[in-house]
Amino acid sequence: MRQILTPSGDLSGEAPVDLEMTVRLYRAMVFARAYDRKSMSLQRQGRLATYAPFEGQEAAQVGAAASLEPDDWLVATYRDAAAMWMQGYPLELLFAGRTGHEAGGRPPDHVNVLPPSITVGGHMVHAVGLAWAERMRGSARIAMTMFGDGATSEGDFHEAMNFAGVFGVGVVFFCQNNGWAISLPRSEQTASETIAEKAIAYGMPGVQVDGNDVFAVYEAATAAVARARNGEGPTLIEAVTYRVGPHTTADDPGRYRNSDDSADWTKRDPLERVRIYLSEHDRWNEEWQSQVEERTVEQVEQAIALAESLYQPDPSHIFDSMFESPTEVLEEQKAELEALLEDDL
Amino acid sequence: MRQILTPSGDLSGEAPVDLEMTVRLYRAMVFARAYDRKSMSLQRQGRLATYAPFEGQEAAQVGAAASLEPDDWLVATYRDAAAMWMQGYPLELLFAGRTGHEAGGRPPDHVNVLPPSITVGGHMVHAVGLAWAERMRGSARIAMTMFGDGATSEGDFHEAMNFAGVFGVGVVFFCQNNGWAISLPRSEQTASETIAEKAIAYGMPGVQVDGNDVFAVYEAATAAVARARNGEGPTLIEAVTYRVGPHTTADDPGRYRNSDDSADWTKRDPLERVRIYLSEHDRWNEEWQSQVEERTVEQVEQAIALAESLYQPDPSHIFDSMFESPTEVLEEQKAELEALLEDDL
Amino acid sequence: MAEITIAQALNAGLGNCLDEWDEAIIMGEDVGRTGGVFRITDGLRERFGADRVIDTPVAESGIVGVGFGMAVAGMRPILEMQFMGFSYPAFDQVINHVARIRHRSRHRFTAPLVIRIPYGGGIGAAEHHSESAEAIYAHTPGLKVVVPSRPHDAKGLLLSAVEDPDPVIFLEPIRLYRSVKEEVSEESFRVPIGSAAVEREGSDVSLISYGAMMRECRLAAEQLEGEGVSVELIDLRTLVPLDSATIIESVEKTGRAVVVTESPRTAGFASEVAALISERALYSLQAPIKRVTGWDTVFPLKRGESLYLPSVRRVVSAIRGTLED
Amino acid sequence: MAEITIAQALNAGLGNCLDEWDEAIIMGEDVGRTGGVFRITDGLRERFGADRVIDTPVAESGIVGVGFGMAVAGMRPILEMQFMGFSYPAFDQVINHVARIRHRSRHRFTAPLVIRIPYGGGIGAAEHHSESAEAIYAHTPGLKVVVPSRPHDAKGLLLSAVEDPDPVIFLEPIRLYRSVKEEVSEESFRVPIGSAAVEREGSDVSLISYGAMMRECRLAAEQLEGEGVSVELIDLRTLVPLDSATIIESVEKTGRAVVVTESPRTAGFASEVAALISERALYSLQAPIKRVTGWDTVFPLKRGESLYLPSVRRVVSAIRGTLED
Ligand SMILES: Cc1ncc(C[n+]2csc(CCOP(=O)(O)OP(=O)(O)O)c2C)c(N)n1
Ligand SMILES: Cc1ncc(C[n+]2csc(CCOP(=O)(O)OP(=O)(O)O)c2C)c(N)n1
Ligand SMILES: [Mg+2]
Ligand SMILES: [Mg+2]
């Protein structure tokens, strides 16, 4: 398992980025954690529906997303808010769905990020089609898809990997192995030693990296993105990390794991090691960090307020996006609903 | 790729069976080929619906099936008639479906062979459930599933292999890599070097053998069956062979491959090498072989006549096997049909 | 007898099943350690062991296909799909194999398994978590489809489903899991598959529904009673095999029918019921058959749910409509 | 203009599509080298190259899921499922993604793809090769479902489907591929999606069908004409969006309706048509609506087909029935 920055903040290999960039990556991770924690408290206040926290996975998401060009495709999941945000998905839209309405599914026109996948597995195949189409159209865009360890059990993982391998499509398969598929530990999901080695079955390279080491993640992701862009085909990256929190706010990990596990993992915290590294290079201080955190909390509060305001309770909200132009049946049903609502007044 | 008996009939390793058994295996292969060729001519005469020939794959099917106990489960495909016959599936029932009716789906009660799978991929998962259930019930029975190279592209192959690996189920995954999925060559089905190496992705052993060498196939299958029976888990076997004929009688290989390929493969004929080996050991002679062939043709003719006679054109044939006891709706529909048929008279 | 919810009745019923049949096992995602996302299998792994309450990888086709193989070998697997929207990857196994092996093998091989599927909206869930695709299962020959709407039926139908020699799709109304309570015996008992319940006798209109929508129908019937409208309320309980006699008898008596489902309208199960009535009771009809259903759209998220799900108001005004017609 | 078959019309239409839209590609199992098992894509790989006529691995979910991704990125994939019975592994992709991405992304992302599916029985094929599961697609919000029954419509609807900004399930009646001939222009032309065709005007009964069953309906109508019965024959051509106006108008005129499909009856599309009529034209009905359909069973093999498929006789006697009612 490739590691560059040890949990204690020492380099065991060559840093893939300069201090400037390291600060940027760290800043993004600080943002991600503050965003995640704030979201948890908003959910407790009842302002968000179920939320899937990613604490502990900040380095994986930030390191991977940082390797993309602004217009590359990102096809990720309900747990990948940090990566989606880095690729340009506005905060308020990330919140919209969780405040209970659909407006969040439409990113700005220049942002090539699909709405987060709620079904496990199906979205990886989409990334293959996206990247393939870009190649057909002579564009240099590639696609990255993010998924969990559990998603590799689905048949669609197999079909996505196999198509990408056969047609040499420029896709980066980025797996965040956080140790759990809800209550199922990695060891009971598959009998393969690593997830990375599954790449052999598809004739593509597979690499396993310390998912809590943003340097290792960034290095592997950048190499895979380069391969994809150069037409050298797909890569599977397994970022070994840990889901420190519950599966979602509706989940109670106490039912299936003892708190020590998570405790161990906090020792391998993805932020702390970079903080040490930066402070040793005099690029970190307390108040800068708290500023970033406070700023994030403000942004999140603005974003969720905006998200809540985006919703217009209106039949058109339901009917008007089924087809480019609504069918007669949909018009009839919409009228039926509108009539009912008027009676209500 | 493991090979024991070379195409020229020489041993490059130790024969896994004595001459007695070799004669039996050869006899079965001669039967299989005669059966297959006779079926092709019956189809041309219009007595069989589409037929999927397996010429060239006799050693794979015979060698694999020979490794099973009489009551082990076999879950195979439309192309595996030889293996199913060896595991006890009566000839006339193998023909029934191809003469256009359903009676062929019910093997004798002591025969644990599922009707041939027509869908590609779905049946492998069934073998996992069968073997697992036997273990749960304390039986020593194991399950073997046969499938083609093309079937490994389906998501269900992945899910079957993964379940078997995780739960250590006693299944033998026997892949006949005959080079083609209808018109798609093996090289365009998957980018992995071999199919055997896909086993790594599921933490199970994978072996590649010369599928035209009945010794190599038998050796590998026997070892895998033993592992399964001893509770040591599943094995993937890739038997490299070749589909000498068309995909089915409805297919025209001329559209996608040149005849040289098949020509090459006839040089590696699975029967010829055993014939040479046996005659060198004075265990083969011309008239014995023609006797077996003639006997087979007679059996096949009896079988198909029987198969044709099995069919009673009768509404009950359609309605009475949907549930243990037909529902009211089915009774009504059956009555509706019977009324119509009476009008006909 | 204690008053319990549908969730508790199902949990108790599953316990009875595992007690009663050694061949019965439970298999699905998170059904073991956590007792399932809805806790329906809560405590069963502790009680019956990890060999009979099996946590599987995230692979629906595998769960159904492996369960199918187990059933063919003589087990009685009780499979759980975490939500109906996640049962689609298993359709091929259900349609091409589970529903057909008896026919394919002329009764030699059978698949006496149960697929439990939480379905329907109303809990403000994420996309794919509120589906009501029962019509797809009902349209598939070889399957039985059961949908309880109350604790007693939930337990009794579950036991019948597991005992049934053929595959049963067992749909559980998420919205009612914990909202309906009634007394349910701790004993093992059966509610027969294939019989509808006339929950409330009436003379003016037949109100026909099942599952989660029974709640709206019950409230609508009560409200209308106050207005002097006598509603005959029928809980189908089983979609396949359908108890058509009960439906036709009722419509012949009332001359009017309103069918309520939460699934999309086009080619939904309400259409089947309407077609049946128009075929068998046309001459008794005094007004058009009304379908009160979800719209032909994607099921909306939390804040749009009330616009999508048939409400008591919609049911009431549909009934008023047929009476005016 | 030459008289050509449906198979030839589709082949020509696919050629027009690849000529007309650079974004159009064809993808599926054996569509390239062999031109598909029914030769519908014959010669297109030679003409347009292997980059635009793509042979894929045997993986239906992958074909649809990858095609979906291509469509989202601006292509117009024309995907082929080899037989309808093999389209089931792709249901999850179709229902959860293809049908929903426009809604999910509020029009930002769309899936303008076509899934061509040969369907129906009558050719004595093996199991899974004779399915007629159109109701499942019709019940899925977000899909358009098209079913031609003659060469001209086959080509014109195909071009409309590929041009359509939304996903279209394009069902091809296997049994009619080579049995119906008519003159079809070599030019690129459209037949609009969503409009039924009154193939034959009549006054006694409305005979409503689509796809392969149009053959039986045409013969039945002719035969009955000889007996002095005037049949109005409607070819729906599109199931979603359904041309309800044409259906209702006709039934209001004739007062009688017979709906013919080859799919199983329960919750099939014939039920949707019957429900629609009973809702909108009840007072015009002089007799119960009759559904002539396949049975609620597995589709039989060759020698049982004639017992399963609605025959001209069945259609005729159903019509006679409604006239006697
Ligand atoms: C097709 C499908 N099946 C089941 C689910 C329910 N489910 C949601 S998340 C999850 C576990 C996924 O685990 P993993 O892929 O490791 O991602 P993680 O949640 O750990 O980030 C499951 C089973 C789903 N969303 N989709
Ligand atoms: C799910 C499914 N998809 C497609 C088909 C059509 N089909 C029948 S055989 C075949 C090729 C299978 O190739 P392989 O697995 O190598 O087996 P072989 O025919 O070579 O023995 C295909 C695509 C099918 N039967 N089932
Ligand atoms: Mg995980
Ligand atoms: Mg093959």
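Naming convention: chains lettered A, B, ... in sequence-line order (proteins, then strands); numbering from 1 in each chain.
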Next item on the list: Please check if any side-chain donor atom of D:Tyr308 sits under 3.5 Å from a side-chain acceptor atom of D:Ser130, or the reverse.
Entry: no
Margin query: Is B:Pro185 close to chain D through its backbone or its side chain, or both, or neither, when contacts mean heavy atoms under 4.5 Å?
Written below: side chain
Checklist line | Qualifying salt bridge (charged side-chain N to carboxylate O under 4.0 Å, His left out) pairs, either residue in residues 174-199 of chain B, two or more places apart | finding: B:Glu188-D:Arg33
Item checked: Ring center gap for D:Tyr137 and D:Phe269 short of 6.0 angstrom -> no
Margin query: Quick check: B:Tyr51 with B:Phe95 (ring centres under 6.0 Å apart)?
Written below: no
Next item on the list: Under 4.5 Å, counting heavy-atom pairs only, tell me which of D:Glu29, D:Arg314, D:His129, D:Glu127 racks up the most with chain B.
Entry: D:Arg314
Checklist line | For chain B, the option from D:Asp296, D:Asp55, D:Thr56 that forms the most heavy-atom pairs under 4.5 Å | finding: D:Asp296
Item checked: Options B:Ile118, B:Asp251, B:Leu337, B:Val120, ranked by heavy-atom pairs under 4.5 Å with chain D, top entry -> B:Leu337
Checklist line | D:Glu262 side-chain N/O to D:Gly121 backbone N/O, donor-acceptor pair under 3.5 Å | finding: yes
Next item on the list: Please flag which part of B:Asp314 lies under 4.5 Å from any non-hydrogen atom of chain D: side chain, backbone, both or neither.
Entry: backbone
Next item on the list: Examine whether an atom of D:Ser317 lies under 4.5 Å from a heavy atom of chain B, and if so say whether it belongs to the side chain, the backbone or both; otherwise answer neither.
Entry: side chain
Check: Can you say whether D:Ser306 sits under 4.5 Å from chain B via the side chain, the backbone, both, or neither, judging by heavy atoms?
Finding: neither
Next item on the list: Heavy-atom distances under 4.5 Å only: say whether D:Glu46 touches chain B with side chain, backbone, both or neither.
Entry: neither
Check: Which one of B:His101, B:Arg257, B:His317, B:Arg98 has the most heavy-atom pairs closer than 4.5 Å to chain D?
Finding: B:His101
Margin query: Aromatic contact between B:His158 and B:Tyr202, with the criterion being ring centroids under 6.0 Å apart: yes or no?
Written below: yes
Note to self: Is there a ring-ring contact (aromatic ring centres under 6.0 Å, His included) between D:Trp295 and B:Phe319? Walk through the geometry before answering.
What the structure shows: CA-CA 8 Å; D:Trp295 313 116; B:Phe319 290 99; 5.7 Å; yes
Notebook entry, point to check: For residues B:Thr77 and B:Asp80, is any side-chain donor paired with an opposing acceptor at under 3.5 Å?
Noted result: yes
Item checked: Residue selection (most heavy-atom pairs with chain D, distance under 4.5 Å) from B:Val329, B:Thr50, B:Thr99 -> B:Thr99
Checklist line | B:Ile318 versus chain D, the contacting section by heavy-atom distance below 4.5 Å | finding: both
Margin query: What part of D:Glu60 gets within 4.5 angstrom of chain B, counting heavy atoms only: side chain, backbone, both, or neither?
Written below: both
